[in-house]
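Structure first, then comments.
These numbers come from the heavy atoms of this one structure, side chains and all, not from hydrogens, waters or symmetry mates.
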Amino acid sequence: MEISLTKERIKDLISQKGVSYAAFAQKLGIKRQNLDAYLDAQKKDINLVIKMADVLGMSLYEFIGMPEPDAKDVYGCLYVKGRPVLVNSKEELLELVRRLENE
């Protein structure tokens, strides 16, 4: 699954929440001009993305435009050998474990 977290989407979310761009940067603990550079980057640091969602009072799923998973579902991103692997179910997690055990 791939997401597109563009500068325009983030700026729209900031505006929808009634937060100024400068105040948003300040709440993140970064300078406004650094925020511009970050939002222009194609790859975004997950920790800052999580913090942005939190500052706006949104869940990470809502922030990135994905539906919230059911509470009973297994859902997450693991890093295997430095690469992200999205896991959407218990079966996918078990398959990943089996694959890693066979390597």
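- Between Leu48 atom CG and Asn34 atom CG the span is 10.5 Å, to the nearest 0.5 Å.
- With respect to Arg98 and Glu95, a salt bridge is recorded, a charged nitrogen being found less than 4.0 Å from a carboxylate O.
- Heavy atoms only, all atoms of each residue included: Cys77 and Pro84 are closest at SG-CB, 3.6 Å.
- Taking both residues in full, the closest heavy atoms of Arg32 and Ala25 are given as CA-CB, 3.8 Å, listed atom of the first, atom of the second, then distance.
- Considering only heavy atoms from C-beta on, Tyr79 stays 4.5 Å or farther from Val85 through its side chain.
- Counting heavy-atom neighbours within 6.0 Å of Gln42 CD, excluding the residue itself, gives a total of 12 or less.
- Taking both residues in full, the closest heavy atoms of Leu96 and Val87 are given as CD2-CG2, 4.2 Å, listed atom of the first, atom of the second, then distance.
- To the nearest 0.5 Å, atom NZ of residue Lys11 and atom CG of residue Leu13 are 12.5 Å apart.
- With a 6.0 Å radius and a threshold of 12 heavy atoms from other residues, nucleotides or ligands, Lys7 has its NZ atom above the threshold.
- Hydrophobic clustering (side-chain heavy atoms under 4.5 Å, transitive across Ile, Leu, Val, Met, Phe, Trp, Tyr) keeps Leu78 apart from Leu94.
- Contact of the Val49 side chain with the Met52 side chain is registered, since non-hydrogen atoms from C-beta on lie closer than 4.5 Å.
- The minimum heavy-atom distance between Tyr38 and Asp45, with the atom names listed, is OH-N, 3.1 Å.
- For the residue pair Lys44 and Leu5, the shortest heavy atom distance occurs at CE-O, 3.1 Å.
- Side-chain contact between Phe63 and Ile50: absent, with no pair of heavy atoms (C-beta onward) separated by less than 4.5 Å.
- Interatomic distance, CD1 of Ile64 versus CG of Leu60, reported as 4.5 Å (0.5 Å rounding).
- Residues Asn102 and Arg99 form no side-chain contact, since every pair of their non-hydrogen atoms from C-beta on lies 4.5 Å or further apart.
- Counting heavy atoms from C-beta outward, Asn88 and Leu86 have side chains that approach closer than 4.5 Å.
- Sorted by first and then second residue, the side chain to side chain donor-acceptor pair (under 3.5 Å) pairs involving residues 16-31 (not counting sequence neighbours) are Tyr21-Asp36.
- Side-chain N or O atoms of Lys51 include one that pairs as donor or acceptor with a backbone N or O of Leu28 at under 3.5 Å.
- Note that the CG atom of Asp40 and the CG atom of Leu35 stand 9.5 Å from one another [nearest 0.5 Å].
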